[in-house]
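Everything quoted here is computed from the prediction, not taken from an experiment. Positions are given from 1 along the sequence.
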Amino acid sequence: MVRGVGRTEGILLAGSVVAMLVVTGVQARSPGTWLMEVVWVLIGLPLVVALRKRFPLTRLLCWLLVLHAIVLCYGGQYTYAETPAGEWVQSWLGTQRNNYDRFAHVVQGFVPAIAVREVLLRRTPLCPGAWVAFLTVCVCVTIAAGFEFVEWFSAMVAGAGADDFLGTQGDVWDTQWDMFLCLCGAVLSLLIWRRVHDRQLRDDRAG
């Protein structure tokens, strides 16, 4: 059985996510947009806590999930098109748009890749290798496509009221960029973390 993080570390990680939710929610420029952006955190955190004994996550995945939560909360607070960090990079690089949403979509592949890989390695007969990598990337891109459907539906329902949530900033290729960057994030994550992830899974089981 995988041990995951210790009790104290788990409390600190969960507490940091709750604190980020509170701070960004109170200071959100558009509460409705903030809620739509962080709904996955509001669902995911209780789920991870509830399943911590039946399916404890590796330390790597726990820290990555906290990173993802912070990215979502920060983007939701300001709306992705108006984040100060994105504006600073925009000014520094001289780009025509605030690219914080581009970064967020890289993270959308970077973090879920390890989550998907962990489920595949612990709940299927598959072993680390090409098939696990292929299926992991496919699932991440599918999730990204699902988010684009959610955005499309939001635009159909809310019309111009969904502009902050969509964050296209006038880019007609925004949907394609989102899915491509998620793909890049997933591949990059596997290249960086594959060996670390395998070692944590092996060491935790041995412990």
Side-chain angles (χ1 to χ4, degrees), residues 33 36-45 47-48 51 55 57-58 60-76 79-81 83 86 89 95 97-157 162 164-198 200-201:
T33 299
M36 287 191 290
E37 298 291 1
V38 306
V39 65
W40 312 110
V41 182
L42 296 173
I43 294 172
L45 179 60
L47 186 63
V48 169
L51 296 177
F55 197 83
L57 306 179
T58 58
L60 171 63
L61 180 53
C62 287
W63 279 91
L64 287 175
L65 289 173
V66 171
L67 167 66
H68 201 176
I70 291 172
V71 170
L72 292 173
C73 290
Y74 182 73
T79 74
Y80 284 88
T83 55
V89 174
T95 58
R97 71 191 302 280
N98 185 322
N99 283 316
Y100 183 81
D101 65 322
R102 304 291 198 224
F103 165 71
H105 280 284
V106 173
V107 175
Q108 186 187 47
F110 192 82
V111 174
I114 300 303
V116 172
R117 188 175 191 271
E118 187 151 321
V119 172
L120 289 175
L121 290 177
R122 292 174 59 186
R123 288 292 183 264
T124 74
L126 293 171
C127 298
W131 272 111
V132 168
F134 173 73
L135 291 174
T136 295
V137 172
C138 286
V139 171
C140 289
V141 174
T142 300
I143 293 172
F147 274 111
E148 298 307 319
F149 282 124
V150 170
E151 291 185 353
W152 167 73
F153 183 74
S154 299
M156 293 287 290
V157 172
D164 285 342
F165 178 57
L166 296 176
T168 61
Q169 301 181 63
D171 186 353
V172 297
W173 300 109
D174 186 70
T175 297
Q176 289 77 12
W177 269 113
D178 291 351
M179 291 187 289
F180 173 69
L181 291 172
C182 177
L183 169 64
C184 292
V187 172
L188 180 63
S189 183
L190 293 179
L191 291 174
I192 292 174
W193 298 119
R194 177 174 58 85
R195 288 186 174 84
V196 175
H197 193 218
D198 285 342
Q200 287 195 7
L201 287 171

Show me the donor-acceptor pairs, under 3.5 Å and distance only, between side chains in residues 131-144 and residues at least two apart or in other chains.
| from | atom 1 | to | atom 2 | distance (Å) |
| --- | --- | --- | --- | --- |
| T136 | OG1 | V132 | O | 2.7 |
| T142 | OG1 | C138 | O | 2.8 |

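Contact detail for N99 and R97: the closest heavy-atom pair is OD1-NH1, 2.9 Å. Nearest heavy atoms, L57 versus V48: CD1-CG1, 4.0 Å. Across all non-hydrogen atoms, the minimal contact from I114 to S189 is CG1-OG, 3.4 Å. Considering every non-hydrogen atom in both L72 and V38, the closest pair reads O-CG1, 4.0 Å.
In this structure, R102 and W177 have side chains that are in contact, with non-hydrogen atoms separated by less than 4.5 Å. No side-chain heavy atom of N98 sits less than 4.5 Å from a side-chain heavy atom of Y80. In this structure, F180 and H105 have side chains that are not in contact, with every pair of non-hydrogen atoms separated by 4.5 Å or more. Within the 4.5 Å cutoff, the side chain of V41 has no heavy atoms near those of the E37 side chain. Side-chain contact between L121 and P128: present, with at least one pair of heavy atoms (C-beta onward) separated by less than 4.5 Å.
Atom CH2 of W40 sits about 12.5 Å away from atom CG of L47, to the nearest 0.5 Å. Separating the OG1 atom in T58 from the CG atom in L61 is a distance of 5.0 Å, to the nearest 0.5 Å. Taking CG of D198 as the start and SG of C127 as the end, the distance is 10.5 Å to the nearest 0.5 Å. Expressed to the nearest 0.5 Å, how far CD of E118 lies from NE2 of H197 amounts to 3.5 Å. Remark: L190 CG to R195 CZ distance equals 12.0 Å, nearest 0.5 Å. Note that CG of L45 and CG of L65 are 9.5 Å apart. Values are rounded to the nearest 0.5 Å.
Judged as a side-chain contact (heavy atoms from CB on, under 4.5 Å), and not counting sequence neighbours, the contacts of L191 are V187. The side-chain contact (heavy atoms from CB on, under 4.5 Å) check on I70 picks up M20, V66, with sequence neighbours excluded. Scanning for ring pair (Phe, Tyr, Trp, His ring centres under 6.0 Å) contacts around F103 gives Y100, with sequence neighbours left out.
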Legend entry - R123 and F55: CA distance, side-chain angles, deciding distance, side chain to side chain contact (heavy atoms under 4.5 Å, CB included) verdict: CA-CA 10 Å; R123 288 292 183 264; F55 197 83; 3.1 Å; yes
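Sorted by first and then second residue, the pairs that involve residues 60-69 and meet side-chain hydrogen bond (donor to acceptor under 3.5 Å, both in side chains), not counting sequence neighbours, are E9-W63.
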